[in-house]
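Below: the structure, in structure tokens.
Here, residue 1 is the first one in the sequence, and each next residue gets the next number. In each ligand, atom 1 is the first atom listed, and ligand 1 is the first ligand listed. The basis for the numbers below is simple: all heavy atoms, side chains too, and nothing from hydrogens, waters or symmetry mates.
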Amino acid sequence: MFDKILIANRGEIALRVIRACREMGIKSVAVHSTADADAMHVRMADEAVCIGPPAGTDSYLRIPNIIAACEVTGAQAIHPGYGFLSENAAFVQAVQDHGITFIGPTAEDIRTMGDKITAKDTMKKLGVPCVPGSDGGVPDYETAQKVCEEIGYPVIIKATAGGGGRGMKLAESAADLETAFRTARSEGKSNFGNDEVYIEKYLGKPRHIEVQVFGDGKGNAVHLGERDCSLQRRHQKVFEEAPGPSISQELRDQIGKTCADAVANINYAGAGTIEFLYEDGEFFFIEMNTRLQVEHPVTESIYGVDLVREQIRVAAGLPMSFTQDDLEINGHSIEVRINAERLPNFAPCPGKVTQFHAPGGLGVRMDSALYEGYSIPPYYDSLIGKLIVHGRNRDEALARLHRALGELIIDGVETTLPLFDALLAEPDIQSGDYTIHWLEKWLETNLQ
Ligand code: ADP
């Protein structure tokens, strides 16, 4: 096992990894920008190294600085968290070239899944059902017209390199196609340096269901059921739950096995998420994330496992500490993402936190790097915390979320917290009856 791990990230996910390291008796190294010198991950780690000025591109994304920090501190492995370099194949390669272990899959798997066209093609070959659409990339508008006539409108044009909800454009009818096609291409080019796009049938009322998989890199893999992340704003998740309210045990076993078999087939190592749209009883693959997800705690809550610990074990060459037969769902879990943003427009709202009180009690977990007196810097993602609850069933989890939200105090900055009290009062949320379009529609009528 490693003696020392460097965490190439910040915020709550850096704390999450430090916690796992500490429980395993492994020393942790934090890296930070000059803007994060007072951040909680720096305080909590055993050692800390400054890797550059505030901008992410000059610090958390600077590969040579991170590798140098590893060499200076003698860290043997790097945990990338999510975001930043977590899905950057060149980073993984550089890490390995320096004799350091990357805690995650191989550079090759990251590259395959990072390109959505190759990912879809690979999954199709591995027997995973995909959204109907173009066969690979669509080179020009004329080809796009032909493809859309075949699959029928509405369609969604997606940049193959896209992510985080960017590089996707909807065309309701043939009249919108040209603009959508050209915009998706230019967004792909400007945001991700790649203008290749593909086309998918746009599904009208799906749920976003994602399957957590875990592989040991030696051809063994398990699934840890699904999460329903349908409540989204601008294609970004806001509220996540496990198990999915619309998924039966039979369906879970079936799609879970398909996913576990697919990743076992490619000798996948570590945690991964296979994302689907689910409509009328059918699953359609959209993408795979080759890292730990923001919403992984809901899975941890219902299965009682520590996914970061497993990632570290597998990276160290040890077997997973559970088999598929050991994994049994216990109760229900919900996570809400708390952002430092001002409603109703969700404008980022960094600043000084004058009061902070985290909720507690049975079944409540608060993953956050906030503390009283902390100044949230303006340079990074506005996620400042995740409140995760667990109950014996969905109703209990909802009641617990309501209770915990009532205890949580974050003063000094505006947050998205008021949104969740309002959502919990909605009958559709109480019954679990929502699709990926529900929240956008609700925001239009309730938050203007
Ligand atoms: P990203 O990599 O940017 O997260 P995804 O392909 O995972 O992009 O899609 C993000 C979200 O966009 C999905 O969760 C869903 O809400 C919506 N979406 C993606 N593909 C489709 C589709 N074919 N039909 C309808 N909605 C879609």
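- Counting non-hydrogen atoms of neighbouring residues, nucleotides and ligands closer than 6.0 angstrom, the CZ atom of R392 reaches no more than 12 such neighbours.
- Below 30°, between 30° and 60°, or above 60°: for F102 and F91 the angle between ring planes is above 60°, a perpendicular geometry.
- For atom 3 (O) of ligand 1, the nearest protein heavy atom (residue, atom name, distance) is G165 N, 2.5 Å.
- Between the choices I436, L170, V131, the shortest heavy-atom distance to atom 26 (N) of ligand 1 belongs to I436.
- The option from K158, E200, H208, Q232 that lies nearest to atom 16 (O) of ligand 1, judged by heavy atoms, is Q232.
- Ligand 1 places these atoms under 4.0 Å from at least one heavy atom of L277: 15 (C), 20 (N), 21 (C), 22 (C), 23 (N), 24 (N), 25 (C), 26 (N), 27 (C).
- Between the CG atom of D140 and the CZ atom of R182 there is a distance of 9.0 Å, given to the nearest 0.5 Å.
- Looking at atom 10 (C) of ligand 1, its nearest protein heavy atom turns out to be M168 CE, 3.8 Å.
- Taking a 6.0 Å sphere around CD of E108, one finds it holds 12 or fewer heavy atoms contributed by other residues, nucleotides or ligands.
- The aromatic ring centroids of F84 and Y60 lie less than 6.0 Å from each other.
- Within ligand 1, counting atoms from 1 as listed, the ones closer than 4.0 Å to a heavy atom of E275 are 7 (O).
- Set against the non-hydrogen atoms of K116, the atoms of ligand 1 under 4.0 Å away are 1 (P), 2 (O), 3 (O), 5 (P), 6 (O), 8 (O).
- A heavy-atom separation below 4.0 Å is found between K201 and ligand 1.
- The distance from the NE2 atom of H223 to the CZ atom of F214 is 15.0 Å, given to the nearest 0.5 Å.
- Per-residue contacts place G164 under 4.0 angstrom from the following atoms of ligand 1 (heavy atoms of the residue considered): 1 (P), 2 (O), 3 (O), 4 (O).
- Contact atoms of ligand 1 toward Y202: 24 (N), 25 (C), 26 (N) (distance under 4.0 Å to a heavy atom of the residue).
- Heavy-atom contacts of L203 reach the following atoms of ligand 1: 24 (N), 25 (C) (cutoff under 4.0 Å).
- The nearest protein atom to atom 17 (C) of ligand 1, hydrogens excluded, is given as H235 ND1, 3.5 Å; this is a heavy-atom distance.
- Taking the ring centroids of Y303 and H390, they lie at or beyond the 6.0 Å cut-off.
- A search for side-chain contact (heavy atoms from CB on, under 4.5 Å) contacts involving Q249 returns R252, D253, I329, not counting sequence neighbours.
- For the ring-ring contact (aromatic ring centres under 6.0 Å, His included) test, no residue two or more places apart in sequence or in another chain qualifies with Y198.
- Of all protein heavy atoms, the one closest to atom 7 (O) of ligand 1 is E287 OE2, 2.8 Å.
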